[in-house]
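The structure under discussion appears below in the form of structure tokens.
Side chains are part of it too, since the values below use all heavy atoms of this structure and drop only hydrogens, waters and symmetry mates. Below, chain A is the first sequence line, B the second, and so on; all start at residue 1.
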Amino acid sequence: SQQGEEDPQALSIQEGENATMNCSYKTSINNLQWYRQNSGRGLVHLILIRSNEREKHSGRLRVTLDTSKKSSSLLITASRAADTASYFCATDASNFGNEKLTFGTGTRLTIIP
Amino acid sequence: EPEVTQTPSHQVTQMGQEVILRCVPISNHLYFYWYRQILGQKVEFLVSFYNNEISEKSEIFDDQFSVERPDGSNFTLKIRSTKLEDSAMYFCASSEALWGSNQPQHFGDGTRLSIL
């Protein structure tokens, strides 16, 4: 698989349920970021987790990072219709964490009202 | 909340023509980036720019591409002679330059470039 592969590719859940998306990567990283993209729009930054962090929370979002397995997960709790979007993980493998991001293939999340 | 703005939102150009995509990064940000997303594919890094010079570029960013920060606010991507395969959504991003870095990149809404 390539750097930054999300699974599942598509996920449909009922409103109110939790959604979990996973991301795997291949190289060592400085940080990993999650982004949301609504159809035809730009990428909205959700959360950044550093390589020395294991878990981070922001509102209804919870991100975990396991550098030994080179994987991350994004949990959205109590999903809402407005959460319908594509979600991407992106890794920064630079020394200082300000260089290029390598994006995954994304998970398309659909929240059913 | 400050945001990255891109113009135009949609650009249609004949193959072989030059095109300039414009971006206004967030005002206190010092790192700038261009990415592209071909329809149905991953977002791909093109180039990063810091301190008035390119800090990294991908294989996609060949001699047909150039970037410039012509004044204190704009950041442009120029494609000299467009090809059909340049059709994509082009995203500009910016991030702060803080010691220790690890700053998120903030993206604009993109310019959809269609080459005919």
Q. According to a 4.5 Å side-chain heavy-atom criterion applied to Ile, Leu, Val, Met, Phe, Trp and Tyr, with indirect links allowed, do A:I47 and A:I29 form part of one hydrophobic cluster?
A. yes
Q) In terms of hydrophobic clusters joined by side-chain contacts under 4.5 Å, are B:Y90 and B:F32 together? A) yes
Q) Going by the angle between their ring planes, with limits at 30° and 60°, are A:H45 and B:H106 parallel, tilted or perpendicular? A) tilted
Q: Kindly work out whether a path of hydrophobic side-chain contacts (I/L/V/M/F/W/Y, heavy atoms less than 4.5 Å apart) joins B:F107 to B:Y50.
A: yes
Q | Cluster link A:L61 to A:L32, ILVMFWY, side chain under 4.5 Å | A | yes
Q) Is there a side-chain contact between B:P104 and A:Q33 (heavy atoms, below 4.5 Å)? A) yes
Q. When B:Q105 is tested against each of A:L43, A:L48, A:L101 for side chain to side chain contact (heavy atoms under 4.5 Å, CB included), which residue passes?
A. A:L101
Q: Evaluate the side chain to side chain contact (heavy atoms under 4.5 Å, CB included) criterion for residues B:Y35 and A:F103: first the C-alpha distance (whole Å), next the side-chain angles of each, then the deciding distance (0.1 Å), finally the verdict.
A: CA-CA 10 Å; B:Y35 293 81; A:F103 281 83; 3.9 Å; yes
Q) Under 4.5 Å between side-chain heavy atoms, hopping through other hydrophobics if needed: is there a path connecting B:I54 to B:L21? A) yes
Q. Going through the distances and angles, do A:Q37 and B:Q37 end up as a side chain to side chain contact (heavy atoms under 4.5 Å, CB included)?
A. CA-CA 12 Å; A:Q37 185 181 35; B:Q37 185 179 32; 3.1 Å; yes
